[in-house]
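Let me begin by presenting the structure, written as structure tokens, before commenting on it.
Proteins get letters first, then strands, A, B, ... in listed order; numbering begins at 1 in each.
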Number of protein chains: 2
Amino acid sequence: MRVVADPFPHTLRSDARDNRERILDAARALFSADGLDVPMREVARRAGVGPATLYRRFPTKQMLVAEAFADQLHECRAIVDEGCADPDPWRGLCLVIERICELHARDRGFTQAFLSTYPGVKDVAAGREYTVKAVAELARRAKEAGRLRSDFVLDDLILVLMANKGIHATSTVGQVKASRRFAGLVIQAFEACPRHAPLPPPARLTSAPAHDLSR
Amino acid sequence: MRVVADPFPHTLRSDARDNRERILDAARALFSADGLDVPMREVARRAGVGPATLYRRFPTKQMLVAEAFADQLHECRAIVDEGCADPDPWRGLCLVIERICELHARDRGFTQAFLSTYPGVKDVAAGREYTVKAVAELARRAKEAGRLRSDFVLDDLILVLMANKGIHATSTVGQVKASRRFAGLVIQAFEACPRHAPLPPPARLTSAPAHDLSR
DNA sequence: ACCGTAACGGACGCCCCCGTCCGCTTGGGT
DNA sequence: ACCCAAGCGGACGGGGGCGTCCGTTACGGT
């Protein structure tokens with residue numbers, strides 16, 4: 001098995017480049033709708049190519065996943081950047097939570113990829129690192145402004161992401177609606193409020209053996 | 001394939017009854033730890049019986065699941081009953097949320113069974129019905145007492161349960177800690193508070209007729 | 001102690017997924 | 001127009017889960 005993804009898509013023959021795109025389109029569609037557990041062959045079928053072609057271009061599922069979710073990863077960064085740019089850090093944080101939840105609600109596969117530390121998908125891992133770091137800073141500012149409860153920890157955000165992943169509806173629109181409601185609830189739980197009793201102790205989730213948080 | 005579960009375990013021969021118990025023990029252990037996706041053969045292996053014996057006693061996975069989770073279902077009812085018996089409906093509701101979340105955190109398989117409407121597992125379905133109805137009444141009283149926010153909907157509880165299912169940690173203790181933290185957050189989001197902004201619209205998650213809490 | 005039968009479990013055939021090989025097709029440079 | 005290598009996809013062997021059949025074992029009533 002080749003272990004390095006084809007680094008030069010532009011040197012491919014025209015038909016090969018076409019197929020590569022069709023494969024990525026199929027992968028995006030299937031991963032988004034059904035999650036990452038879709039068989040490779042299903043992707044190939046949908047793309048209208050043979051299994052060998054798929055494996056030639058993307059020797060491992062991880063490579064296909066990484067490539068397929070480049071867009072979402074970019075969008076993810078954009079959301080975080082936008083949130084960080086907001087002069088009101090609390091409003092920025094709320095926006096990030098809402099948008100990220102919606103992003104994950106729309107795209108089942110991305111959630112799995114984002115949370116799973118799919119071994120070897122360094123792009124996704126790096127994207128998550130970036131996101132986490134940026135949000136940490138945002139949270140710090142929101143706390144300083146007195147809008148975010150002081151006993152909030154970053155792991156709570158992971159908690160929320162994982163929880164959001166657990167929400168399933170029959171349709172995408174239902175899913176988004178549910179996620180939106182959920183995000184609304186969570187945000188109000190995060191908001192500093194004198195009436196709030198202290199929370200149970202925070203849970204450590206990030207130090208996990210990094211293999212699979214997704215299932 | 002036989003379609004009816006052996007209704008007379010007490011008429012079984014002694015060795016068969018033993019095996020039946022060993023199968024159920026194995027199923028409980030595996031389902032709790034790893035969820036319902038454990039292969040039937042794995043259960044058989046763990047129970048120290050052949051696959052045929054397992055299938056003879058439990059022709060379908062649903063039957064095995066239903067039987068294996070009878071305990072948890074009972075505990076579930078007990079929790080709900082205890083919550084309903086509390087003179088303070090809000091405290092009762094909090095207790096139910098906390099305990100149910102913990103129950104589900106300890107037992108992965110039960111969560112799946114409880115939420116999945118595993119086709120044909122009528123016992124579990126009935127248990128869920130009972131739970132939902134009882135909690136609905138509890139929520140109505142908590143709202144009346146002014147402690148539960150007025151825009152709370154029963155589907156929010158399903159939402160929370162599904163969300164709780166999404167939370168995963170590497171160890172059972174970590175899992176329970178995380179769920180506890182999560183339940184704490186959720187409860188504070190549910191509590192009536194003048195500072196709270198209205199939530200996004202509720203999401204319809206159950207196909208069942210909407211139990212009307214509005215009154 | 002004996003024997004009929006309930007109960008057992010190894011082995012089978014089926015299906016689906018995986019990753020690879022190899023003979024055929026086709027793009028694109030000359 | 002020709003050619004050949006890049007590219008293709010059908011087909012293969014391996015592995016694992018599924019549900020069932022049937023020859024063997026051992027319970028328990030007499």
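Going from atom CG of B:Leu64 over to atom P of D:dC18 covers 12 Å, rounded to whole Å. Across the protein-nucleic acid pair, B:Met40 atom CE and D:dG19 atom P stand 6 Å apart, rounded to whole Å. One atom, CG of A:Leu54, and another, C1' of D:dG10, lie 15 Å apart when rounded to the nearest Å. Spacing between atom CZ of B:Arg22 and atom P of C:dA7 amounts to 15 Å, rounded to whole angstrom units. The interatomic distance linking B:Arg57 (CZ) with D:dT20 (P) rounds to 15 Å, in whole Å. Taking atom CG on B:Leu36 and atom P on D:dC18, their separation rounds to 13 Å, with Å as the unit. In this structure, the CZ atom of A:Phe58 is 13 Å from the P atom of D:dG7, given to the nearest Å. Atom OH of A:Tyr55 and atom C1' of D:dG13 are 14 Å apart (whole Å).
Of the options B:Arg180, B:Arg181, B:Lys177, a salt bridge (Lys or Arg N to Asp or Glu O under 4.0 Å) to B:Glu102 is made by B:Arg180 and by none of the others. With B:Asn19 as the fixed residue, the side chain to side chain donor-acceptor pair (under 3.5 Å) test singles out one of B:Arg22, B:Glu21, B:Arg17: B:Arg22.
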(message) Please encode protein proximity along nucleotides 21-30 of chain D as a string of B, S and -, counting only heavy-atom distances under 4.0 Å.
(response) B-----SS--
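Side-chain N/O atoms of B:Thr53 include none lying less than 4.0 angstrom from OP1 or OP2 on C:dA7. The side chain of B:Asn19 places an N or O atom within less than 4.0 Å of a non-bridging phosphate oxygen (OP1 or OP2) of C:dC8.
Each of B:Ala16 and B:Arg41 has a nearest nucleotide on DNA chain C; the 5'-most of these lies closest to B:Ala16.
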(message) Let's go through A:Thr53 and A:Arg56 carefully: what are the C-alpha distance in whole Å and the side-chain angles of both, what is the deciding distance for side chain to side chain contact (heavy atoms under 4.5 Å, CB included) to 0.1 Å, and is it a yes or a no?
(response) CA-CA 5 Å; A:Thr53 301; A:Arg56 193 175 311 114; 3.7 Å; yes
(message) For A:Arg149 and A:Leu199: C-alpha separation, side-chain torsions, deciding distance, then whether side chain to side chain contact (heavy atoms under 4.5 Å, CB included) applies.
(response) CA-CA 10 Å; A:Arg149 57 188 307 155; A:Leu199 286 173; 3.5 Å; yes
(request) Step by step, work out the side chain to side chain contact (heavy atoms under 4.5 Å, CB included) result for A:Phe114 and A:Cys76. (result) CA-CA 10 Å; A:Phe114 193 80; A:Cys76 208; 4.2 Å; yes
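The side chain of A:Pro39 has C:dC18 as its nearest neighbour among C:dC18, C:dA7, C:dC12.
Ring geometry for A:Phe190 against A:Phe152 counts as perpendicular: the plane angle is over 60°, on a 0 to 90° scale with 30° as the lower cut.
In this structure the side chain of B:Pro59 never reaches within 4.5 angstrom of the side chain of B:Tyr55, judged on heavy atoms.
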